[in-house]
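Notes for the one structure printed next.
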Amino acid sequence: MIVADTNVLAYLFIQGVHTPSAEALLVKEPQWVAPTLWRSEFRNILAGYMRRGDISFDGAYKILREAESLLAGNEYETDSLQVLELVRDSECTAYDCEFIAVAMKLEAKLVTADKALLKAFSAVAVRFSSP
């Protein structure tokens, strides 16, 4: 089991240079989890792609449904106090600290490309590897 950062989810479902690495990660670690916040972040990523004309509305909706399917039953609420403590003890956003909180709760690793998370939470966060 891994906690997947929203960008890693985007790499998996939105075709690009990082997609093969994300697909390989899914084969290696088939159970991905995330805080419920991932949905808002993912929808925002899709909004950017739609506004740039990179994907259609229907394409974005299809991608969203696929991502929701992958994470069905694997979404977690976070403890606000814990998130604020993580924010206090780092320079990371509250959004990012939600992913750390879930990883800590589940004793799992957070897979991310976020340099600030990797630096601040090296015991929990691991680098997403891509070619």
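Since this is a predicted model, take the numbers as computed values, not measurements. Below, each value reflects all heavy atoms present in this structure, side chains not excepted, and no hydrogens, waters or symmetry copies.
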Hydrophobic cluster membership, with links at side-chain heavy-atom distances under 4.5 Å among I/L/V/M/F/W/Y: are [X] and [Y] in one?
X: Ile14; Y: Phe128; result: yes
X: Val87; Y: Val3; result: no
X: Leu84; Y: Phe99; result: no
X: Phe42; Y: Ile100; result: yes

- Message: Could you check whether atom CZ of Arg51 has more than 12 heavy atoms from other residues, nucleotides or ligands sitting under 6.0 Å from it?
- Response: no

Any donor-acceptor N/O pair, [X] side chain to [Y] backbone, under 3.5 Å:
X: Thr19; Y: Tyr11; answer: yes
X: Asp79; Y: Gln82; answer: yes
X: Glu29; Y: Met1; answer: yes
X: Ser69; Y: Arg65; answer: no

- Just jot down the salt bridge (charged side-chain N to carboxylate O under 4.0 Å, His left out) partners of Glu66, sequence neighbours excluded, or say none. Lys62

- Taking the six-membered ring of Tyr49 as reference, does the NZ or CZ atom of Arg52 fall below 6.0 Å from its centre and within a 45° cone about the axis?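 Judged by the rule, Arg52 and Tyr49 form a cation-pi pair.
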
- With sequence neighbours excluded, residues passing ring pair (Phe, Tyr, Trp, His ring centres under 6.0 Å) with Phe121: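 For Phe121 there are no ring pair (Phe, Tyr, Trp, His ring centres under 6.0 Å) partners, ignoring immediate neighbours.
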
- Message: Could you work out, with ring pair (Phe, Tyr, Trp, His ring centres under 6.0 Å) as the rule, every residue matching Tyr76, not counting sequence neighbours?
- Response: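 For Tyr76 there are no ring pair (Phe, Tyr, Trp, His ring centres under 6.0 Å) partners, ignoring immediate neighbours.
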
- Query: Quick one: which of Thr112, Ile45, Asp114 gives a side-chain contact (heavy atoms from CB on, under 4.5 Å) with Asn7?
  - Reply: Ile45

- Could you pull out the closest heavy-atom pair between Leu117 and Asp5, with the gap in Å?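 That closest heavy-atom pairing would be CD1-OD2, 4.5 Å.
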
- Query: Going by heavy atoms in the side chains, are Met104 and Leu86 under 4.5 Å from each other?
  - Reply: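 Yes - at least one pair of side-chain heavy atoms lies under 4.5 Å apart.
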
- Query: Would Glu91 and Lys119 pass as an ion pair if we require N to O under 4.0 Å?
  - Reply: no

- Steps toward side chain to side chain contact (heavy atoms under 4.5 Å, CB included) verdict (Val111, Leu25): CA-CA 10 Å; Val111 178; Leu25 178 61; 3.8 Å; yes

